[in-house]
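Working notes, structure below.
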Amino acid sequence: MRKLIPRGLLLAAVLFTTPAATFAQTSGSVQEEYRETLLRLIDALQQQIYLLQQQLSTQSEELVGRVETNPVGFSELVKEKASYRVYGADDTSKITDLEHRDYLQRIYELFPDKYDDKLRVFEVFTGDETEFDAFVETLPPTHETWMYATHEDLLDKPQSSINTELIVHELAHIVSYEPTGDGPISSFSDCHEYFDLHGCPAKDTFLVAFMTEFWTEVDLDRVEQFVNSGDAFEAAYDYYEDHKRSYVSDYATIGPEEDFAESFMYFILGRDAFGLEAEDKISFFSDYSEMIDIKEHVQKYE
């Protein structure tokens, strides 16, 4: 960080001392002219210092904000068994554990080629303390690539319908943060407190487009309470019992990300929903050619 104020004071000192030797040799009018010029320069310098200080303060606040909203990784909540750095479907041969290799190959099979490059780490975790079977999360420092993690209990049948649904669900999370191509969405311009834990989605993403159509601030208030309740899954299930026509599953009520992912999975795999709004959420994806392409790809390998 540059020390802006000392530099400014040094320049002021030069300005003060340079004319000083000249004042004794000039007439009063010339001295007055020097004095006015000097005062104008000092005033301009003080303005520059003030602006630089304001800019520095703003940058510091932005940095603090980025640190405070740094996403919390699911990987911090699980017990890692194995982790592999991967660079595409052709890179799986280096994995010596056959169960791990077969499962990763199934992921690459269901992922369209465009999303192969998004995946850079494959992790297998173990333990009974976690409440989820798989997850994806972005990788620092750029958060432009992803890790896919799955529980070891799922590895023995990678071709099963359960694993197919799970892999497509996790693919949805990656797709949700891709740009729609339509530009920023005006709704949800302010980041709701619900997103404090994992960070706010960009305004031009599929997730924000989905939220704009199907979610409200009141809905986000509700799921924020779920998160803070200590038992989000039970709270979500109870809510789903009274709102089955609005969601494709009870898990979808946990938050907009899971609502997107579950609705995406139903669309890709051709599942039917119970209620009208839930059907509308599935139909949302048919408006995008990219989603139709993903559906056609996945159904070839389903």
Side-chain angles (χ1 to χ4, degrees), residues 54-77 115 118 131-132 135-149 169-233 235-236 239-240 243 246-248 251-265 277 280-281 284-285 287-288 290-291:
Q54 291 294 106
Q55 182 180 3
L56 190 60
S57 175
T58 300
Q59 291 173 344
S60 298
E61 290 174 1
E62 290 175 353
L63 179 59
V64 169
R66 285 196 294 271
V67 171
E68 289 177 347
T69 59
N70 188 42
V72 175
F74 288 112
S75 56
E76 299 173 16
L77 307 176
Y115 293 95
K118 300 285 184 180
E131 294 180 305
F132 41 83
F135 63 87
V136 291
E137 66 182 34
T138 56
L139 296 169
T142 62
H143 295 282
E144 294 177 352
T145 55
W146 295 74
M147 176 178 74
Y148 189 112
H169 176 102
E170 299 306 329
L171 170 62
H173 287 305
I174 299 176
V175 172
S176 71
Y177 285 92
E178 291 290 293
T180 64
D182 297 332
I185 308 298
S186 59
S187 297
F188 293 97
S189 56
D190 295 327
C191 186
H192 192 277
E193 290 179 0
Y194 164 77
F195 292 105
D196 286 351
L197 184 61
H198 297 299
C200 301
K203 298 177 185 177
D204 63 345
T205 57
F206 285 110
L207 177 57
V208 171
F210 183 87
M211 289 170 56
T212 299
E213 188 159 345
F214 299 111
W215 280 71
T216 67
E217 297 288 336
V218 173
D219 292 324
L220 291 176
D221 290 341
R222 170 180 58 80
V223 294
E224 184 185 8
Q225 292 175 1
F226 285 0
V227 172
N228 296 327
S229 68
D231 198 343
F233 292 104
Y239 183 83
Y240 175 71
H243 299 83
S246 299
Y247 299 90
V248 299
Y251 193 60
T253 66
I254 287 180
E257 302 96 334
E258 302 306 338
D259 192 17
F260 180 100
E262 286 287 273
S263 302
F264 175 92
M265 184 267 289
E277 186 175 359
D280 288 343
K281 289 178 178 179
F284 165 86
F285 299 98
D287 292 336
Y288 297 95
E290 180 173 348
M291 302 298 183

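Model, not experiment: these values are computed from the prediction.
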**Study point:** Contact check, side chains of Arg222 and Tyr194, non-hydrogen atoms, under 4.5 Å
**Key:** no
Check your understanding: Any side-chain heavy atom of Phe284 within less than 4.5 Å of one from Met291?
Key -> no
Taking only residues two or more places apart in sequence, or in another chain, which ones meet [X] in a side-chain contact (heavy atoms from CB on, under 4.5 Å)?
X	value
Asn228	Glu224
Asp287	none
Ala236	Phe226, Thr253, Ile254

For [X] and [Y], which heavy atoms make the closest approach, and how far apart are they?
X	Y	result
Phe260	Ser176	CE2-CB, 3.4 Å
Val248	Ser263	CG2-N, 3.9 Å
Ala172	Ala261	CB-CA, 3.5 Å
Pro201	Val208	CG-CG2, 3.8 Å
Asp280	Phe214	O-CZ, 3.5 Å
Pro256	Phe195	CG-CZ, 4.2 Å

List in chain and number order the residues that pass ring pair (Phe, Tyr, Trp, His ring centres under 6.0 Å) with [X], two or more places apart in sequence or in another chain; answer none if no residue qualifies.
X	answer
Tyr247	none
Phe132	Phe74, Phe135
Phe206	Tyr288
Tyr239	His243

With rounding to the nearest 0.5 angstrom, report the [atom1] to [atom2] distance, [X] to [Y].
X	Y	atom1	atom2	result
Asp204	Thr180	CG	OG1	6.0 Å
Glu217	Glu193	CD	CD	10.5 Å
Glu277	Glu213	CD	CD	9.5 Å
Ile174	Glu137	CD1	CD	11.5 Å
Trp215	Lys281	CH2	NZ	6.5 Å
Leu207	Thr212	CG	OG1	9.0 Å

Kindly write out the residues that satisfy side chain to side chain donor-acceptor pair (under 3.5 Å) with [X], not counting sequence neighbours, or none if the list is empty.
X	result
Tyr240	none
Gln225	none
Asp221	His192
Glu170	none

Point to revise | No-hydrogen, no-angle side-chain donor-acceptor test under 3.5 Å, His169 and Glu258 | key: yes
Review point. Hey, mind stepping through Tyr148 and His173 against side-chain contact (heavy atoms from CB on, under 4.5 Å) and telling me if it holds?
Key: CA-CA 11 Å; Tyr148 189 112; His173 287 305; over 6 Å; no
Check your understanding: What pairs with Glu290 under salt bridge (Lys or Arg N to Asp or Glu O under 4.0 Å), at least two apart in sequence or on another chain?
Key -> Lys114
Exercise for review: Under the side-chain contact (heavy atoms from CB on, under 4.5 Å) rule, what do Asp259 and Phe210 come out as? Steps first, then yes or no, please.
Suggested key: CA-CA 9 Å; Asp259 192 17; Phe210 183 87; 3.6 Å; yes
Point to revise | For Leu139, the option from Lys118, Met147, Glu144 that meets side chain to side chain contact (heavy atoms under 4.5 Å, CB included) | key: Met147
